[in-house]
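Input: a single structure, listed below in structure tokens.
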Number of protein chains: 2
Amino acid sequence: MSDRAPTSPVSRERSREIKRLSVILAARQARLLSRVDLAEMTGLPAATVTALVRELIAEGYLIERGPGAPTTGRPREMLEFNPRAELVAAVSLEPPRISCEIADSEGAIIAHRTARFGGDVVETVCTFVLDLVGDNLPSLRGVAIAVPGVSTNGAVRLAPSVGLVEAWPIGESVQQRLGVPVVVDNDVNLMAAGECVAGAGADVANLLLIHVADGIGAGLVLDGKVRRGASGAAGEVGFMPVDAAPARSYSGVGEFEARWSVNAITERLVALHPGRRPESPVRELIQLAATSKPAREYLDEVLDAWARLILSCVCVIDPGMVLLSGAAAELDDAALEQIQSLLAAKTPAPTEVRRATLGDQAVLHGAISYALSAAVPLPSLP
Amino acid sequence: MSDRAPTSPVSRERSREIKRLSVILAARQARLLSRVDLAEMTGLPAATVTALVRELIAEGYLIERGPGAPTTGRPREMLEFNPRAELVAAVSLEPPRISCEIADSEGAIIAHRTARFGGDVVETVCTFVLDLVGDNLPSLRGVAIAVPGVSTNGAVRLAPSVGLVEAWPIGESVQQRLGVPVVVDNDVNLMAAGECVAGAGADVANLLLIHVADGIGAGLVLDGKVRRGASGAAGEVGFMPVDAAPARSYSGVGEFEARWSVNAITERLVALHPGRRPESPVRELIQLAATSKPAREYLDEVLDAWARLILSCVCVIDPGMVLLSGAAAELDDAALEQIQSLLAAKTPAPTEVRRATLGDQAVLHGAISYALSAAVPLPSLP
DNA sequence: CCCACTTTTTTCTCAGTAGGAAGAAACTGT
DNA sequence: ACAGTTTCTTCCTACTGAGAAAAAAGTGGG
């Protein structure tokens with residue numbers, strides 16, 4: 001796209017798109033508002049707003065909802081933004097499973113399906129999306145595909161631990177088949193985006209989300225935009241160096257996550273308290289720490305290590321807000337307070353640590369925000 | 001600015017600014033080009049370009065330089081971009097010293113002055129800038145002020161080590177006095193910006209610059225834009241945790257820089273090789289390591305620590321390129337190769353390590369790029 | 001030296017538009 | 001019932017984006 005000859009930055013086509021997007025974004029944010037409100041929020045003159053609103057009503061984006069609150073003067077005609085005018089497909093690839101949800105721009109799920117797949121992934125994704133969206137295809141604005149590895153330019157280069165082939169441009173193939181924009185990204189990045197637009201981070205423009213599961217990864221949002229880095233590997237914090245670790249080459253599993261991920265915590269828990277492997281080892285460890293001194297000491301080690309990981313990240317990017325996700329979201333208030341204290345003692349910038357709140361819904365909301373941003377990609381101004 | 005009522009995103013004023021900026025940016029980049037080139041680079045139609053060029057010639061931005069290379073057809077009239085049409089003041093505050101340079105947009109210095117100051121900083125800065133710019137005041141596009149601490153929104157919150165007062169909105173005061181945009185930032189951030197536009201990082205959009213001096217700090221550029229973080233503390237990598245460090249509260253000096261900055265290296269060098277404190281301790285250490293086993297071992301420790309610092313940063317943001325500045329730029333090829341190898345063994349993403357090339361000029365070029373970006377601040381589109 | 005051809009630059013032209021102003025509509029309050 | 005206020009719509013026009021045409025300035029061949 002960027003290697004095409006540039007079109008005029010002030011063309012009538014572009015001007016029209018800018019006005020439409022201004023109104024759509026204002027309406028999407030406010031949900032219920034009048035033409036006067038739209039004029040104030042966008043800076044467009046009243047005559048222009050009238051014409052745009054007429055158009056968007058005809059297209060189903062806006063619905064007239066009757067008079068506003070009684071005041072002096074002509075009552076406002078309230079307009080409701082219709083999230084069903086913009087549908088998004090959120091696809092999650094966790095080989096051998098694929099799941100797909102169709103949601104409106106508010107996150108309400110309209111249809112979903114989960115299945116195993118082993119054939120052609122592009123074919124499967126397209127079939128799922130088309131089946132689920134059905135007659136609403138004209139309202140489909142974009143597709144977001146979550147993968148558990150590193151993606152660069154829509155080609156997936158997955159972590160060896162989940163064993164999909166490398167250099168696989170599924171995004172472009174799906175986009176050609178479906179005719180809408182398709183974005184592919186790491187699922188932790190999508191979680192960060194989701195929490196930023198609709199979760200624990202909805203009130204900030206910068207945040208770091210740390211997700212602890214079998215691995216440890218992070219999603220970084222700066223100025224409301226997910227940052228992936230030069231090779232799509234931003235947030236691979238599981239590879240943080242641990243001083244005492246033995247030197248070894250790249251193996252797909254990072255030093256830090258080898259010692260402090262859910263797998264490592266589970267191993268240690270079973271050693272401390274022989275029995276069945278717990279479903280939620282972090283929660284289990286916290287409970288055990290109340291009565292067992294060795295468990296208490298180990299919990300302190302874990303919290304100290306996670307606090308140092310957070311501190312390392314804060315030193316680099318100063319996000320102001322850190323969200324803990326996955327197993328790390330299971331920490332109780334005391335543990336959270338402990339991490340906050342460890343951090344406060346050494347951090348160069350005030351940093352608030354919160355639990356992520358969306359859980360399984362984070363990826364969906366992230367996918368929605370991605371797909372809607374991709375749907376009208378206004379080229380950058382000079 | 002962002003709390004003002006928005007103006008129309010498609011107004012004629014805005015349209016005019018966009019066209020002018022498109023042409024100025026294209027000309028600035030190309031330096032010598034024709035109207036046909038301008039039309040191709042900006043997407044503007046030929047008629048529009050003709051009118052804009054006439055205007056910019058009248059204002060001194062462009063100079064007609066005669067026919068281009070002979071080809072079939074009417075010869076092109078070559079236009080040269082005039083960097084003197086855009087002057088920038090780069091101010092460096094290192095209490096008790098202040099220095100000021102006036103440069104054109106290519107970095108050519110027109111005037112400079114250094115002095116001690118102790119009175120009112122705003123008054124001193126304004127006096128310096130006005131004196132140095134003289135009759136060229138109409139060409140002054142902006143002022144950039146470099147400080148050795150953390151700045152947020154033009155207010156300087158300096159590191160305790162250099163002892164200036166906190167919460168000091170010099171940027172706004174200078175802007176009101178001079179009537180041009182003023183930006184204030186940490187000098188390491190300005191170095192990163194400078195290397196990105198005119199130095200070792202001129203061919204990339206993302207980079208991390210690590211500066212080793214009495215402290216250790218970093219500047220981060222993502223998508224061509226310096227990132228400061230939520231509190232302006234991004235890049236405070238001197239505060240990276242070191243596993244073996246004793247716990248202590250925030251003291252203005254970070255764990256990592258306490259052990260691996262120039263001061264620390266100097267102390268260790270004097271212990272290894274009693275004598276005068278060297279001017280360039282890193283260079284000295286490298287020379288000593290060729291003949292002294294303890295020095296060799298210490299050099300390996302330093303390089304390992306710096307490599308781990310770089311690895312920590314790469315895990316978080318994946319810049320693709322790391323520039324070493326200050327004392328770290330003094331590493332020889334062998335040492336650089338050693339860091340590159342240590343990194344390659346553990347990094348999740350390919351990362352190239354280079355020396356910064358601009359040295360003392362980096363802050364100036366950073367200031368130029370800041371001031372020119374601030375000079376025409378097109379508000380973001382929706 | 002003249003002419004055909006090519007390419008660049010400038011001028012001409014006009015359908016479309018941004019947005020101010022005026023008018024219509026729909027209320028409240030007296 | 002009417003004045004006043006506020007919102008929404010229509011009217012109007014100076015301006016503009018950009019395609020097309022014309023003018024300009026070369027080269028190359030005969």
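Predicted model only: the values in this text are computed from it and were never measured. Keep in mind that the numbers below use all heavy atoms, side chains included, and drop hydrogens, waters and symmetry copies.
Side-chain N or O atoms of Asn206(B) include one that pairs as donor or acceptor with a backbone N or O of Asp223(B) at under 3.5 Å. Remark: the backbone N or O of Ala85(B) is paired with a side-chain donor or acceptor of Arg141(B) at under 3.5 angstrom. Side chain of Glu101(A) to backbone of Ala90(A): no donor-acceptor contact under 3.5 angstrom is found. Side-chain atoms of Arg227(A) come within 3.5 Å of backbone atoms of Leu222(A) as a donor-acceptor pair (strictly under, hydrogens ignored). Remark: side-chain polar atoms of Arg65(A) are not paired, donor with acceptor, to backbone N or O of Leu32(A) under 3.5 angstrom. Distance alone, capped at 3.5 Å, is enough to place a donor-acceptor pair between the Glu195(B) side chain and the Ala200(B) backbone.
Boundaries of the chain A contact region on DNA chain C are dG16(C) to dT28(C), first to last in 5' to 3' order (nucleotide atom under 4.0 Å from a heavy atom).
With rounding to the nearest 0.5 angstrom, the CZ atom of Arg20(B) is 13.0 Å from the OG atom of Ser15(B). To the nearest 0.5 Å, atoms CD (Glu80(A)) and CG (Leu33(A)) are separated by 10.5 Å.
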Reading nucleotides 17-30 of chain D from the 5' end, what letters show protein touch, with B for base, S for backbone sugar-phosphate only, - for no heavy atom under 4.0 Å?
BBB----BBBS---
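Exactly one residue among Arg28(B), Arg84(B), Glu86(B) makes a side chain to side chain donor-acceptor pair (under 3.5 Å) with Ser105(B). That residue is Glu86(B).
For residues 49-65 of chain A, proximity to DNA chain C is found at no residue, defined as any non-hydrogen atom under 4.0 angstrom from a strand atom.
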Given the rule in the side chain to side chain contact (heavy atoms under 4.5 Å, CB included) test, do Leu21(B) and Glu17(B) qualify, once you have shown the distances and angles that lead to the verdict?
CA-CA 6 Å; Leu21(B) 191 61; Glu17(B) 283 186 24; 6.0 Å; no
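Between Leu38(A) atom CG and dT9(D) atom P there is a gap of 12 Å when expressed in whole angstrom units. Nucleotide dT7(D) holds its P atom 5 Å from the CZ atom of Arg76(A), rounded to whole Å.
Comment: Glu55(B) does not engage Arg16(B) in a salt bridge, judged by the lack of any side-chain N to carboxylate O separation of less than 4.0 angstrom.
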Report, one line per pair, each donor and acceptor closer than 3.5 Å where one atom sits in a side chain of residues 38-52 of chain A; sequence neighbours left out.
residue	atom	partner	partner atom	Å
Thr42(A)	OG1	Leu38(A)	O	2.7
Thr42(A)	OG1	Leu44(A)	N	3.2
Thr50(A)	OG1	Ala46(A)	O	3.2

Would you give me the side-chain donor-acceptor pairs under 3.5 Å for residues 66-79 of chain A, sequence neighbours excluded?
residue	atom	partner	partner atom	Å
Arg76(A)	NH1	Asp37(A)	OD1	2.8
Glu77(A)	OE2	Gly66(A)	N	3.4

Strand DNA chain C as a dot-bracket string - pairs counted if Watson-Crick or G-U with both distances under 3.5 Å, | where the partner lies in another strand
||||||||||||||||||||||||||||||
